[in-house]
Visitor: 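Before anything else, here's the structure in question.
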Amino acid sequence: MGEIFGVVTTSDVSENVGDILKAFFSPASVAVVGASRNEKGLGHTVLKNMLEMGFPGPIYPVNPKADGLLGLKVYPDLVSIPGPVDLVVVVVPQPLVAAVLRDAVAKGAKGAVIITAGFREVGPEGLAAEKEITRIAREGGMRILGPNILGIIDTKSRLNATFAAAQPEVGDIAFVSQSGALLTAILDWAVSEQVGFSKIVSLGNKADLSEIDMFRAFRQDPDSRVVVAYLEGVTNGSEFRKAATALTKKKPLVIVKSGGTAAGSRAVSSHTGSLAGSEAAYDAAFKQSGILRAATMQDLFDISLAFAYQPLPAGKRLAIVTNAGGPGILATDACERKGLQLASFAPETIARLREHLPRAASVYNPVDVIGDAQADRYQVAIDAALADPNVNSLLVLLTPQAMTEIEKTAEVVVRAGQNGSKPVLASFMGGEAVAPGLQILREGRVPNYTFPERAVEALVAMDRYREWQLTPEEQPVEMKVDREAAAEVIRRAREAGRTALGDLEARGVMEAYGLRLPGNKLATSANEAVQFAREIGYPVVMKIVSPDILHKSDAGGVRVGVQDDAEVLAAYKAIRANALRYKRDADVWGVAVQEMVKPGREVILGVTHDPQFGHLVMFGLGGIYVEVLKDVSFRVAPLTPSQAETMVHEIRSFPLLAGVRGQPPADLAAIVDALLRVSQLVTDFPEIIELDVNPLVVNPAGGGATAVDARIILTGENH
Ligand code: ADP
Ligand code: MG
């Protein structure tokens, strides 16, 4: 898609992606500034890596104190280099970086890989230096990777501008890492495991280029089948989501996001605030962008190898072939726990297996070819399973028993793995005995997992990704609301110097946004309360109304099921007295007399504001246990209808809403509607930084839902 009517679509936010790809990953020439004779120095290692990787273009070492290095002519500075320089790798001490970048700009370089450390990460002075070099680059039209990085590798163009000790093999995985040290470990591991990479990028301080640019670049990179990243944080949540979404529509993106404690130090005054940390925001944003979040580095590679080596499954139905019962059961359990299905074989498959396998074998899924099986028996089972139309993927398990032909069986699995349409994964369990088999599997691009559960995890990730690719792009819907009325309530609260809107004011906003509310009147005397109660009709609910009391029940400020005039009089007095006992100088506006809504299931809707991703909408079961059980789901606003629906289905206690023990299902459509309205509200009013509807009382299907208590917190600043 190109530009349509001047609207920039996600696919072309790629400003100059082609330039970045070219400048950093396939430059025609490279200069290494700070290349040194000292064999232990980083500059030396970088130059050596460039040479050893076999970079085909000219490599220019720059060092005013050397004539020749590793057989190359050395230049005193960038400007003395005779030919053009596309990429400059900077390994000089920090105070010299700015001058080098000025030269690089003068030389017309397109990009600089700044390995040098000592910038933002060391404090204010470093930060100032980083800003300075960023400015030089920006003004000179040159892009920067780093500073403070391990470097960059492209196995295809034979570029290795890193000081890593290991040279990775060519592969299909593009790897982005915010930690350089971690990269060195991964590289070392990858060499021993023979895991190949297309591109490896260390992001470091992200002074200019970030994961966002890399996602855009890798999306267009034919050499990268899967993109993996280790991130500590993102800097621009909405651009990150856009770039990730565009990428994941084309290829899988698996991320380990480390660290993360609760967002900010601002005291949280709402239920949602205490439940939503920045991790919840990352989880939600990742889900909404089709990113697969790996919990550990191990998971990251377990999953990415499956994507790199095998095709996507067309469905959830897995076949298992094993030579032992136990592992088959483990795999089956994992499969069921994680939402995959065990395929049920077609009659022809069963007949075929029965004909060729010994009587003791199990011809149903999991197929047990039993302990004495040799490669031929595996062959029969694998061929039959893969040919079955009910099978979408295959997992081959092997335990090294006396008769097991490990290498031959591995060869059978490799041939199966090249069928091209159904993914084949293996779990050859053991150590030394299975090692020769593992080597064959690796070379044959069948991912092997030490234990079956890990293989299932990888298949689950593939299945999720398949579902994501099938998800149609959906836009948030515009509900009909009275925006002006809501704005007016907010304006008045601000004029009165308040940023916390209790139920009485919040309900004005909610009503304007089309949520259903109970009838409500504010009484300022006991007699007035009686009059209102009669108008509303018994029984009623009575609640304290005070800007100083946020949690009304805690203050003895709520009475439900008030039956008659006498009870209203008593409740009025008691509620006021309780409130003043709770907070002596509380500013009490009165007591709200409220329509008592039909009992239903109580849920909570909430919103918080995340510094990276913006408004985060929360859903969960209401009541006193919500904070203990943390059974809540999150999405970044604005929500689309199907996102709102998944949020509702996602909580563990969803069955309680669907109806258990003869209970009718709750009005799920009404919950979704309320979520969408709340989402639209906070999107229209970015100054709302927290919001709770607690509870929303949900009636059985068709009966709707009523917001009986709401609270809104505005930003401190006036907008
Ligand atoms: P708070 O959360 O400040 O303590 P609420 O207004 O949420 O006060 O009231 C506490 C509880 O009382 C609610 O969770 C709900 O169970 C019940 N309740 C409140 N208002 C109504 C109402 N109008 N109809 C029925 N039940 C209500
Ligand atoms: Mg409440």
Side-chain angles (χ1 to χ4, degrees), residues 268-275 500-511 515-523 529 532-533 535-563 567-568 571-572 574-576 578-579 581-583 586-608 618-629 632 653 656-657 666-667 670-671 674 678 690-700 703-713:
V268 278
S269 54
S270 66
H271 295 276
T272 313
S274 67
L275 286 160
L501 280 60
D503 188 47
L504 191 73
E505 285 173 303
R507 54 180 288 132
V509 177
M510 298 295 171
E511 192 158 37
L515 276 94
R516 188 168 88 190
L517 301 161
N520 186 78
K521 294 201 151 180
L522 177 64
F532 289 160
E535 283 171 32
I536 287 167
Y538 286 109
V540 293
V541 176
M542 293 171 68
K543 297 179 186 179
I544 189 73
V545 179
S546 161
D548 298 320
I549 299 176
L550 283 180
H551 299 283
K552 299 178 286 296
S553 303
D554 291 356
V558 179
R559 288 287 163 88
V560 296
V562 181
Q563 297 290 351
E567 282 190 24
V568 171
Y572 186 89
I575 287 174
R576 285 196 71 113
N578 287 347
R581 199 172 312 128
Y582 183 77
K583 195 162 190 290
D587 172 16
V588 174
W589 292 0
V591 175
V593 181
Q594 206 170 71
E595 173 193 344
M596 172 120 173
V597 309
K598 264 192 271 154
R601 272 152 282 188
E602 297 197 353
V603 301
I604 171 171
L605 314 185
V607 178
T608 53
M618 183 190 86
F619 170 73
L621 279 198
I624 51 175
Y625 299 127
V626 60
E627 275 160 66
V628 178
L629 299 176
V632 288
S653 30
L656 296 178
L657 294 175
D667 196 333
I671 303 178
V678 161
E690 275 182 43
L691 177 157
D692 266 345
V693 175
N694 186 21
L696 177 78
V697 179
V698 190
N699 294 117
T706 312
V708 303
D709 183 26
R711 175 160 57 245
I712 289 175
I713 314 279

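Just so we're clear, the structure is a prediction, and the values are computed from it rather than from any experiment. Numbering of ligands and ligand atoms starts at 1, following listing order. When a residue number appears, it is its place in the shown sequence, counting from 1.
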Visitor: Within ligand 1, which atoms have a heavy atom of Lys543 less than 4.0 Å away?
Guide: 6 (O), 19 (C), 20 (N)

Visitor: Mark up the atoms of ligand 1 that fall under 4.0 Å of a heavy atom belonging to Leu550, in ascending order.
Guide: 3 (O)

Visitor: Scan Glu567, Met542, Arg559 and name whichever one has a side-chain contact (heavy atoms from CB on, under 4.5 Å) with Tyr572.
Guide: Met542

Visitor: Please list, in number order, the atoms of ligand 1 under 4.0 Å from a heavy atom of Asp709.
Guide: 1 (P), 2 (O), 3 (O), 5 (P), 6 (O), 7 (O), 8 (O)

Visitor: Can you name the N/O/S atom of Asp709 that is nearest the Mg ion (ligand 2)?
Guide: OD2

Visitor: What's the shortest heavy-atom distance between Asn699 and Arg516, and which atoms?
Guide: OD1-NH2, 3.3 Å

Visitor: Of the backbone atoms (N, CA, C, O) and the side-chain heavy atoms from C-beta on, which set of Val558 has a member under 4.0 Å from an atom of ligand 1: side chain, backbone, both, or neither?
Guide: side chain

Visitor: Taking backbone and side chain together, does Asn694 place any N/O/S atom at a distance below 2.8 Å from the Mg ion (ligand 2)?
Guide: yes

Visitor: Starting from the C-alpha separation in whole Å, work towards a yes-or-no answer on salt bridge (charged side-chain N to carboxylate O under 4.0 Å, His left out) for Asp709 and Lys552.
Guide: CA-CA 10 Å; Asp709 183 26; Lys552 299 178 286 296; 2.7 Å; yes

Visitor: Kindly indicate whether the side chain of Arg711, heavy atoms from C-beta on, has any atom under 4.5 Å from the side chain of His551.
Guide: yes

Visitor: Heavy-atom distances under 4.0 Å are what count here, so tell me which part of Gln594 touches ligand 1: side chain, backbone, both or neither.
Guide: side chain

Visitor: For the backbone of Gly557 and the side chain of Asn578, can you confirm whether one donor and one acceptor N or O come within less than 3.5 Å of each other?
Guide: no

Visitor: Do Ser546 side-chain atoms and Asp548 backbone N/O form a donor-acceptor pair below 3.5 Å?
Guide: yes

Visitor: Around atom NZ of Lys583, are there more than 12 heavy atoms from other residues, nucleotides or ligands closer than 6.0 Å?
Guide: yes

Visitor: Are Leu657 and Val698 side-chain neighbours, meaning at least one heavy-atom pair lies under 4.5 Å?
Guide: no

Visitor: Taking only heavy atoms of Asn694 into account, list the atoms of ligand 1 that are under 4.0 Å away from them.
Guide: 7 (O)

Visitor: Please work out, at 4.0 Å between heavy atoms, whether the side chain, the backbone, both, or neither of Asp554 comes within that distance of ligand 1.
Guide: neither

Visitor: Should the proximity of Glu595 to ligand 1, defined as any heavy atom under 4.0 Å, be assigned to the side chain, the backbone, both, or neither?
Guide: backbone

Visitor: Near Met596, which atoms of ligand 1 are under 4.0 Å from a heavy atom of that residue?
Guide: 24 (N)

Visitor: Answer side chain, backbone, both or neither: which part of Val697 comes under 4.0 Å from ligand 1, heavy atoms only.
Guide: neither

Visitor: Between Arg601 (side chain) and Leu621 (backbone), is there a donor-acceptor pair under 3.5 Å?
Guide: no

Visitor: With heavy-atom distances below 4.0 Å as the criterion, list the atoms of ligand 1 near His551.
Guide: 3 (O)

Visitor: Below the 3.5 angstrom mark, is there an N/O of Glu602, backbone or side chain, next to an N/O of ligand 1?
Guide: yes

